[in-house]
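Since the structure is predicted, the reported quantities are computational estimates derived from the model, not experimental observations.
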Amino acid sequence: LARTRAPVSLLAARPHGHLAGDPSQCSAMRLVALLVAAAVLHVAAKKKKKEEERPDYPACRKSLELHSLKIPAGNGAVAGGKPSLFFFGGKGYVWEEEKIGRKGKGHKKKKHKKKKEAEEEKVQFFGMEDMWQFDLNDSAWQDMSLAGGARAAPPQRWKFSTSTFDDDSKLALFGGCAGTNIRGVLDDLWVYEVTCCPTTGHWRRVDTAGKPPARRGHVVAANSTHLMVFGGKTFIEGQGPKVLTDLWALPLDALRSKGSGEGGLWHWTRGADFPDQPRWGSTGSILKDPSGHEVLAVFGGRVWSGAGYTYFNDLWLYNCSSSTWQHQAPPEPAPEARDHHGAAALGGDLFVFGGRVAPTRSADSVLGDVWSFSLRSGRWTEHPRGLGLHPGPRFMPGVSSVQIDGGNGLAVAGGELLPGSTKKTTLNDVWVYLPGVGGGWRLLSPAWCGPDEFPRYVLPGFFAALGIDPPALIGVCLAASLAALAMFVVATRRWSHRSTSAAAAVGGGGGDEGGDAVYEAMG
């Protein structure tokens, strides 16, 4: 109020001047000024209230993992447990305190460091102790408490891969990369379980024999009997980076802590190598073919060929029983070639969302489409986006199947928009896509990446194509309105001045009466 009182007073307390001949214009200007001031005060108060009521959110990030895990009931039973989304890992932006006096979550910057160095420190690779649960019923985030503290969790990483097993009650993690440099690839294996009550999470490292080489950008998937690791990229001393085509399998009993294999440790078994071009950034999901056999469906990815990146949109099926690969060549239409997308099995079909189609950082380098592949029909289907709000095109999102409102949906969270960067356009929003008639996108939680930011939405139709979000749209409309008002005031004042001059000329300068009479006649 103190900021707006002075300008309002100046506008409202000027009964004389160019507009003195038209009291109605003075009243109109006062009313407009008061309305603008009231709007500014309302927006400021609403924003302050929203900041005060804003709950905790995970840091915005890309290359995260998203899974629907069942929280066990109080008696320890998993069947019938409440499903929730778990959001963790990746590379993101942590809003922290700066010299300007803002307050945020994270480590305080040292004053002697340069501004550029301080900003770079905000980009962070998250460890698995940074685990967040999203309640689908309340649409609220909860920072999961970790039994044993941060030391009992996998250290920071991105481009790792995970899979649920045992009816979505547990989570297995393998590999990833500790930083941007490929030399930081990892080969550790962990299991995450949720316990009740109270609800806490517990990570447990699993030691095995004959484990796969360290890697990132790979596939991890679990069928009813084994955990599988496929492809990705590794680093070999003396040779450099290498894209892998190997596939490995480990019995799920190794993850359940039920006894041990030969020599005291469970052993990995190597399956058939991938018969086509090596790739990383693919996705892998477990499906059942028409004969009832479990298959690993691998889609997309990319590889460097010397002249540039080659992106893939082919689909390969690995038969877990016979250890054989089969290439699927469905008729058109088919999804655009991509990597670092998201995929999940939903209703027996493979669903794919988003991804990146080019190494540039332009808006047309990322996708926001939804496709599904049916093993029964052998065809791809592109699903309509709908007319409502929808997630912006992105790469490296978290994608998972989820049960919501009695049906199956495709959950999407986080990722990065383009053009942009980790600090500017990574996200922590949560969406769900419901396929079928009457479905479409539903926003469960907007992206909040800092205390002074508005939620990051994407509007349908024309505004979505322009990349305009609601705050920007409101600002554009307000600026246009103020500009139109200013032009109206200037035009009115010029017209009034010309009319007064004309009246004075006609009246021969014989006083105000003649001028006013001509002014009224011209009006």
Side-chain angles (χ1 to χ4, degrees), residues 54-69 84-96 104-107 119-134 140-144 146 150 153-162 171 173 175-181 184 186 192 201 203 216-217 281 283 339-342 353-356 361 366 368 391-400 411-431 443-451 453 455-458:
R54 177 182 179 270
D56 287 337
Y57 278 69
C60 289
R61 65 191 72 182
K62 62 184 177 183
S63 189
L64 65 137
E65 285 288 301
L66 183 75
H67 283 286
S68 177
L69 284 176
S84 292
L85 288 172
F86 285 76
F87 175 106
F88 54 99
K91 178 184 179 181
Y93 174 76
V94 178
W95 188 87
E96 296 176 341
K105 182 178 179 181
H107 300 287
E119 290 178 350
E120 289 176 351
E121 284 189 357
K122 294 179 185 178
V123 176
Q124 178 173 324
F125 298 92
F126 297 96
M128 300 307 113
E129 76 282 358
D130 185 65
M131 175 73 75
W132 291 79
Q133 174 197 349
F134 184 78
W141 288 102
Q142 178 183 349
D143 190 352
M144 284 289 293
L146 183 65
Q156 66 180 35
R157 68 191 66 199
W158 71 322
K159 296 188 178 181
F160 62 106
S161 189
T162 59
L171 184 74
L173 177 153
C177 196
T180 305
N181 196 310
L186 303 166
Y192 180 80
W203 283 102
R216 74 182 195 184
T283 53
D339 81 329
H340 290 115
H341 49 284
F353 167 78
R356 193 167 185 173
R361 302 197 67 81
V366 287
R394 63 190 69 189
F395 71 105
M396 291 188 175
V399 174
S400 172
V412 173
E416 182 178 321
L417 307 174
L418 291 179
S421 64
T422 302
K423 292 188 292 185
K424 295 180 180 180
T425 56
T426 50
L427 304 164
N428 60 2
D429 52 349
V430 181
W431 300 78
L443 176 64
L444 302 183
S445 178
W448 286 95
C449 299
E453 289 191 351
R456 296 173 180 171
Y457 300 95
V458 172

message = Suppose we screen for side chain to side chain donor-acceptor pair (under 3.5 Å). Which residues come up paired with Lys159, at least two apart in sequence or across chains?
response = none

message = Less than 4.5 Å apart, side chain to side chain, heavy atoms only: is that true for Leu186 and Phe160?
response = no

query = Tyr192 and Gly201: which non-hydrogen atoms are nearest, and at how many Å?
reply = OH-CA, 3.2 Å

ask   = Who are the ring-ring contact (aromatic ring centres under 6.0 Å, His included) partners of Phe126, not counting sequence neighbours?
value = none

task = Return the set of residues passing ring-ring contact (aromatic ring centres under 6.0 Å, His included) with Phe87 (not counting sequence neighbours), or none when no residue passes.
result = Trp141

inquiry  = Once side chain to side chain donor-acceptor pair (under 3.5 Å) is applied, do any residues pair with His67, and if so which ones, sequence neighbours excluded?
reply    = Glu65, Thr162

request  = Using atom types as modelled and distance alone, determine if a side-chain donor or acceptor of Trp203 lies under 3.5 Å from a backbone N or O of Met128.
outcome  = yes

Over all atoms of both residues, closest heavy-atom pair of Ser68 and Ser400 = N-OG, 3.3 Å

query = Who passes side chain to side chain donor-acceptor pair (under 3.5 Å) against Arg157, sequence neighbours left out?
reply = Asp188

remark   = Heavy-atom closest pair (Thr426 atom, Cys60 atom, distance to 0.1 Å) is O-CB, 3.5 Å

key: N/O donor-acceptor pair under 3.5 Å between Ser445 side chain and Val430 backbone   = no

message = Applying ring-ring contact (aromatic ring centres under 6.0 Å, His included), can you list everything that pairs with Phe88, at least two apart in sequence or on another chain?
response = none

query = Is there a side-chain contact between Leu85 and Leu66 (heavy atoms, below 4.5 Å)?
reply = yes

ask   = Do you know which two heavy atoms are closest between Gly414 and Leu64, and how far apart they sit?
value = CA-CD2, 3.9 Å

note = Closest non-hydrogen atoms of Thr422 and Tyr93, given as atom of the first, atom of the second and distance, are O-CB, 3.6 Å

inquiry  = Are the side chains of Pro446 and Asp429 in contact, using a 4.5 Å heavy-atom criterion?
reply    = no

Distance, nearest 0.5 Å, that separates SG of Cys177 from CZ of Phe125 = 7.5 Å

query = Looking at residues at least two apart in the chain, or sitting in another chain, which of them share a side chain to side chain donor-acceptor pair (under 3.5 Å) with Ser63?
reply = none

message = Please evaluate residues Asp130 and Gln124 with respect to the criterion side chain to side chain contact (heavy atoms under 4.5 Å, CB included), reporting the C-alpha separation (whole Å), side-chain torsions for both, the decisive distance (0.1 Å), and the verdict.
response = CA-CA 12 Å; Asp130 185 65; Gln124 178 173 324; over 6 Å; no

query = Between the side chain of Arg394 and the main-chain N/O of Gly354, is any donor-acceptor distance below 3.5 Å?
reply = no

task = Taking Asp56 for its side chain and Gln142 for its backbone only, find out whether a donor-acceptor pair lies under 3.5 Å.
result = no

note = In terms of heavy-atom contacts, Gly179 and Trp158 come closest through O-NE1, 2.9 Å

message = So, using salt bridge (Lys or Arg N to Asp or Glu O under 4.0 Å) as the criterion, who are the partners of Glu416 when residues are at least two apart?
response = Lys62, Arg361

key: Contact check, side chains of Met131 and Leu146, non-hydrogen atoms, under 4.5 Å   = no

query = Between NZ of Lys91 and OG1 of Thr180, what distance do you get to the nearest 0.5 Å?
reply = 4.0 Å

task = Compare all side-chain heavy atoms of Phe134 with those of Leu444 and state whether any distance is below 4.5 angstrom.
result = yes

ask   = From Gln133 CD over to Met144 CE, what is the distance, rounded to the nearest 0.5 angstrom?
value = 5.5 Å

query = Atom CG of Leu427 and atom SG of Cys449: how far apart are they, to the nearest 0.5 Å?
reply = 6.0 Å

request  = Sequence neighbours left out, what passes ring-ring contact (aromatic ring centres under 6.0 Å, His included) with Phe353? Give chain and number order.
outcome  = Trp441

